[in-house]
Peer 1: 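Got a structure for you, questions after.
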Amino acid sequence: MDQLALIIGLLLATVVAVGIGDRLRLPFPVLMLILAASLTFIPGFPEMSISPELILPIFLPPLLFATAQRSSWAVFRVRWRTLLMLAVALVVVSTAVVAGAAWLLIPGIGIPAAIALGAMVAPPDPVAVESIAGRVHMPRRLITVLQSEGLFNDAAAIVIFQAAVAATVSGTQFSPDVALQFVLGAAVAVAVGIGMGWLTSLITRLVQSMVARSAVTLVVPFAAYILAEEVHASGVIAVVVTALEIQRHARPQDAAERVTRSAFWDVVELLVTGLAFGLVGLEVRQVVRDEGDGIVGMIGNAVVVCVLVFAVRFAWMAMMSGLARTRDSLRPTSAKEVLILTWCGMRGLATLALALALPLTVADGSPFPARSQLIVIACAVLLATLVLPGLTLPWLMRALKASGDGSEERDAARVLARRAQEAAIAALKANELMKELPPEKVALVKEKMTRLHAELLDGSIRNESVGELRQRGRELAIAVQTIALDAARQEVVAARNEPGMDPEVADRVLRQLDLRTMIMPE
């Protein structure tokens, strides 16, 4: 009962943290982590214990799924070079550098255990990045780089970690076959994701209840993750591919379902993020308490690793900035962007979960090499890369004058809204129904189409009451709702999958179309 009360308390604290964060312009995940860690100092505060092997399966699927829904296959087709450079190559380089430092600094650790530490602290957390970067008006292009990196880097880190731990436990050398394992696991995971995406689309077409169709998307991420892990593939990649496939199979006519599902996932993402970072705070404090005074002697090594993590990311971003730019790349273009992307390399759930998943002993019964020190270092990196940048990123963006003004998004939305308007007008002109309407109704339709472009851009639907919109739209329901808006939605859905199109801009315009449809009579 104590643990249930603690979970409910953390969920309520999430709502409060969001309100405080909005007022102070601070990321609420960081506030939740600090709050939860502070609560454990209260005498008699209940302890929260979650099995390490359950942390990733419980929290990663819904959070990855929520983030991946804001992307598309077109994004990855265009940005695959950047994705490989950040999500795979940077993880490998970070792992190697940290492992080398740990092998030199920690007596008797051994190369496999050192590699395990490197894999723990290598992958930035997409959840932390998404929650923090989006609140400081960061330019959309940089957020896209961070999102693309965060969706796949956990997969590379987890494969390296598992191979390193297995080598440590068995007493063998770290095998270079890990690269082959990653490729095979990724291929199987993609197949699982495509299959789950197809199955989800089939279910949503067979099930009549709109609520049930939205609810199935909550089950699917867990099913994809567990199925992929059972066949020794990457659950992370399976979840991301599932989300992308569901978006690819989206039908323009499912307006009501998209609005319901969007609101549903906004709530799920907020509560799960708050709960996850609250539990991270509780676990970090528990680690500190368990180590006691012994943690003082580990601080030096932890500081060295934290500095290396920042330094490697900065050097890698600077190197990418100096490379020749190509059409399908999203590399940093200036020292300002290099610094911002370095500061946004925030660690989170994956780092903590992998640290807590370290076994207590090896095959011969002896303790796992330097296990306590590895956990302390991993938690130090988590705190240094999450709390420090999270609290200072707004100041950094102002100091560098790097906050975006939204002009790129507005320009993209303007072009897409114009395309939607033209598609709607073309559909009406080609339809026999327009020829049968009396002149006064044709005039109303033309007036409606003139307003459509502005409504899609500025969201003016929110400035009018539903009753007023119903009254004005009743005479045009058949002509506009079933013909024009359907054509406009088809145009936006098709544009979402075009190379170079920002999926979030397309989703924003699509939501305006969906809301416009929902308030009109059938």
Side-chain angles (χ1 to χ4, degrees), residues 57-58 60-77 151-152 155 184-269 272 481-482 485-498 501 503-504 506-507 509-511 513-515 517-518 522:
I58 289 176
L60 270 189
L63 295 177
L64 282 172
F65 188 83
T67 303
Q69 285 186 111
R70 293 188 280 272
S71 188
S72 71
W73 280 120
V75 171
F76 294 101
R77 285 198 299 269
L151 286 175
F152 286 102
L184 292 177
V188 175
V190 169
V192 171
I194 291 175
M196 290 301 299
W198 175 83
L199 181 61
T200 304
S201 299
L202 178 63
I203 292 174
T204 55
R205 282 163 173 75
L206 296 177
V207 176
Q208 297 298 317
S209 171
M210 183 175 64
V211 175
R213 292 200 301 268
S214 297
V216 76
T217 60
L218 182 61
V219 179
V220 165
F222 295 100
Y225 187 94
I226 294 172
L227 178 59
E229 292 293 325
E230 285 295 319
V231 296
H232 305 291
S234 171
V236 172
I237 294 179
V239 172
V240 173
V241 172
T242 299
L244 296 177
E245 278 294 291
I246 291 176
Q247 288 291 345
R248 187 173 70 87
H249 289 295
R251 298 185 301 176
Q253 63 266 35
D254 294 332
E257 181 182 345
R258 277 193 297 272
V259 173
T260 301
R261 188 166 65 190
S262 176
F264 172 75
W265 270 101
D266 285 344
V267 175
V268 170
E269 185 178 14
V272 174
Q481 178 177 329
T482 60
L485 295 187
D486 186 61
R489 285 197 302 271
Q490 290 184 36
E491 181 69 19
V492 176
V493 171
R496 191 184 191 278
N497 294 316
E498 292 177 357
M501 174 59 66
E504 287 202 32
D507 288 343
V509 175
L510 194 59
R511 277 194 294 271
L513 282 168
D514 292 343
L515 288 169
T517 300
M518 287 183 68
E522 297 292 339

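A quick note: this is a predicted structure, and the numbers were derived from the prediction, not measured. Computation of the quantities below employed the complete heavy-atom set of this structure, encompassing side-chain atoms and omitting hydrogens, waters and symmetry-equivalent molecules. Index from 1, following the sequence.
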Peer 1: Provide the closest heavy-atom pair for Ala228 versus Ser234 in the form atom of the first, atom of the second, distance.
Peer 2: CB-O, 3.7 Å
Peer 1: Roughly how far apart are Gln247 CD and Ser201 OG, rounded to 0.5 Å?
Peer 2: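 That separation rounds to 10.0 Å.
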Peer 1: Nearest 0.5 Å please: distance from the OG1 atom of Thr200 over to the CD atom of Glu245.
Peer 2: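 One finds 10.0 Å between OG1 of Thr200 and CD of Glu245.
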Peer 1: Say you draw a straight line from CG of Leu227 to CD of Glu230; how long is it, rounded to the nearest 0.5 Å?
Peer 2: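 Between atom CG of Leu227 and atom CD of Glu230 there are 8.0 Å.
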Peer 1: Where is the tightest heavy-atom contact between Ala243 and Ala68, given as atom of each residue plus distance?
Peer 2: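 For Ala243 and Ala68, the tightest heavy-atom pair comes out as CB-CB, 3.5 Å.
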Peer 1: For Trp198, does the CH2 atom have more than 12 heavy-atom neighbours from other residues, nucleotides or ligands under 6.0 Å away?
Peer 2: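 No - once you tally the heavy atoms of other residues, nucleotides and ligands closer than 6.0 Å, there are 12 at most.
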Peer 1: Compare all side-chain heavy atoms of Ser214 with those of Trp265 and state whether any distance is below 4.5 angstrom.
Peer 2: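 Contact flag for Ser214/Trp265 side chains = no.
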Peer 1: Working to the nearest 0.5 angstrom, can you tell me the gap between Phe65 CZ and Leu218 CG?
Peer 2: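 Here the interatomic distance stands at 9.0 Å.
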Peer 1: How far does CG of Leu199 sit from CD1 of Ile194, to the nearest 0.5 angstrom?
Peer 2: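 These two atoms lie 13.5 Å from each other.
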Peer 1: For side chain to side chain contact (heavy atoms under 4.5 Å, CB included), just list the numbers for Val240 and Leu244, CA-CA rounded to whole Å, side-chain angles, deciding distance to a tenth of an Å, and then say yes or no.
Peer 2: CA-CA 6 Å; Val240 173; Leu244 296 177; 4.1 Å; yes
Peer 1: Looking at Val241, Ile246, Val220, which one forms a side-chain contact (heavy atoms from CB on, under 4.5 Å) with Met196?
Peer 2: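 Checked Val241, Ile246, Val220 against Met196; only one passes side-chain contact (heavy atoms from CB on, under 4.5 Å): Val220.
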Peer 1: I need the minimum non-hydrogen distance between Phe222 and Ile58, along with the two atoms involved.
Peer 2: CE2-O, 3.3 Å
Peer 1: For the residue pair Val272 and Pro62, what are the closest heavy atoms and their distance?
Peer 2: CG1-CG, 4.2 Å
Peer 1: If you look at every heavy atom in Ala238 and Ala224, which pair is closest and at what distance?
Peer 2: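 Smallest interatomic distance, heavy atoms only, reads CB-O, 3.8 Å.
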